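First up is the structure itself, then whatever we jot down about it.
Below, chain A is the first sequence line, B the second, and so on; all start at residue 1. What you see is a predicted model; the values in this text were computed from it and never measured.
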2 protein chains.
Amino acid sequence: MPLKNTGTESLIKETAKRLFFAEGKLHATTQEIADAAGVNRTSLHYYFRSRDLLLEAVFKEAMQGLSLRLAECMEAEKPFKEKIENLIEVFLKDMIAFPYQETFLVTEINTLGKELMGNIQSGPIQTFLKDVRTEMDKGTLEEMDPIHFLMNLFSLLSYPLIMAPLYRQLFQISVEDFAILINQRKEMILTMLFKKN
Amino acid sequence: MPLKNTGTESLIKETAKRLFFAEGKLHATTQEIADAAGVNRTSLHYYFRSRDLLLEAVFKEAMQGLSLRLAECMEAEKPFKEKIENLIEVFLKDMIAFPYQETFLVTEINTLGKELMGNIQSGPIQTFLKDVRTEMDKGTLEEMDPIHFLMNLFSLLSYPLIMAPLYRQLFQISVEDFAILINQRKEMILTMLFKKN
DNA sequence: TTTTTATTTTACAATTTTGTTAAACAAAAA
DNA sequence: TTTTTGTTTAACAAAATTGTAAAATAAAAA
């Protein structure tokens, strides 16, 4: 079964991801995607049959990637604090490259429905939540529902990057100065999350 | 000049806001908006001329509202900590009602361009940033760029509500349990932001 | 080489979405 | 009452977007 595999299929998918996740063009048309990929729009139908199926493929891959990244960070064989440090680095890097990935996921869930996401491994997260609880018992973390701890972590990580265009206006700062601020956030988040003493 | 003022114009605008901001239907069509409002689609053109102009109206009003809410919270005649408490209450309430408002604003900025938002009063924010700096000098707040403090505040406030559909899956919790968690966040955010001693 | 097969493109069709024109309607003014 | 004016609707037109069929192309297989 000889596939020529010109790479067009993944080119289209990656281009769609770039438009959706990196550039925030959440309602990009098939034409816009094809143009950005430098291919004929019909190729998009050849490989994905319809726009909806392309979106579904993009959605599922993103979901799977997120799930995998989470699991890898959470199951790493490291002391708790190092795990968190690594997690911050990994997700900060991802958010800088693809700030609108999560936004895409949520809005697609809202429109296409939640059936799409069966791919989530909730196991690693549940065990990690227990690790968080253990740390709280040890006294290294403030007492709270472990879910709050994780939500706080991802809030502090993601939100500023998602809302960058808005906050640059509100705070009247340049793209460069904003980038500097973002680079300071890893350390800052760590001091926010862990107890001082 | 007697206007009959049947309220249709604002009905359309409020319905659009509901779809965009509350239900997260970020690509609602004019037909969907008209149907949701229970009016003929042509009325939408009668009052707003085009879809883009309706979006522009919605965008500008939301931006103005946000700016106003911010200014009112920040300029209030209260001790700093009470200001923050009030701000959390105000914005948490708003985020519960309209979780996708900020998402809408950012994605529209990305597509329609940044020309739209001239309406922002940056003055109140700038003076408030100085207040934050003063509090840090007093020692009630952790030392950091005041912009970080504000970004942290809004991150912790907004992000969990924006990403609720995603996080409910990741954490495997029901809508009800999630709502309970959200209700705990005001107190939790306060203890995260202010120094313990 | 010819044949086969996967891929790409062209041309066209169908559907969806938006926008316009003119008529119908309803309430206040004359 | 009739007239006027603002509002709503119906019917139609235009544009944008998606989808399909078949032809052209190019690379591997025979």
Determine, for Arg133(B) against Glu143(B), whether the closest basic-nitrogen to carboxylate-oxygen distance falls under 4.0 angstrom. yes
Nearest whole angstrom, please: distance from the P of dT25(D) to the CG of Asn40(A). 14 Å
Whole Å only: how far is the CG atom of Asp52(A) from the C1' atom of dT16(C)? 13 Å
Give a yes or no on whether a salt bridge exists between Lys17(B) and Glu61(B), defined as a side-chain N under 4.0 angstrom from a carboxylate O. yes
If you look at every strand shown and take non-hydrogen atoms under 4.0 Å, does Thr30(B) touch a base, only sugar-phosphate, or nothing? sugar-phosphate
More 5' along DNA chain C: Tyr47(A) or Arg41(A), using each one's nearest nucleotide? Tyr47(A)
If the threshold is 4.0 Å, N to carboxylate O, is there a salt bridge linking Glu56(A) and Lys60(A)? yes
Rounded off to whole Å, could you give me the CD-to-P distance for the Glu9(B) and dG6(D) pair? 14 Å
Write down the distance between CZ (Arg49(A)) and P (dA21(D)), rounded to a whole number of angstrom. 12 Å
Take the protein atom NE2 of His45(A) and the nucleotide atom P of dA14(C), then report the distance between them rounded to whole Å. 15 Å
For Thr29(A), answer base if it contacts any base atom (sugar-phosphate contacts may also be present), sugar-phosphate if it contacts only those atoms, and nothing otherwise; contact means non-hydrogen atoms under 4.0 Å. sugar-phosphate
Is there a donor-acceptor pair under 3.5 Å between the side chain of Thr29(B) and the backbone N or O of Glu32(B)? yes
What is the distance from CZ of Phe48(A) to C1' of dT7(C), rounded to the nearest Å? 14 Å
Any side-chain N or O of Ser43(A) below 4.0 angstrom from OP1/OP2 of dT7(C)? no
Run the salt bridge (Lys or Arg N to Asp or Glu O under 4.0 Å) test on Glu14(B) and Arg18(B) for me, step by step, so that the C-alpha distance in whole Å, both residues' side-chain angles and the decisive distance to 0.1 Å come before the verdict. CA-CA 6 Å; Glu14(B) 294 310 309; Arg18(B) 200 189 78 217; over 6 Å; no
Does Tyr46(B) place a side-chain N or O at less than 4.0 Å from the phosphate oxygens OP1/OP2 of dT7(D)? yes
Can you measure His27(A) atom NE2 to dT16(C) atom C1' for me and round it to whole angstrom units? 16 Å
With respect to the side chain of Thr42(B), which nucleotide from dA11(D), dT7(D), dT20(D) is positioned closest? dA11(D)
Send over the distance from Gln31(B) CD to dG19(C) C1', rounded to a whole Å. 13 Å
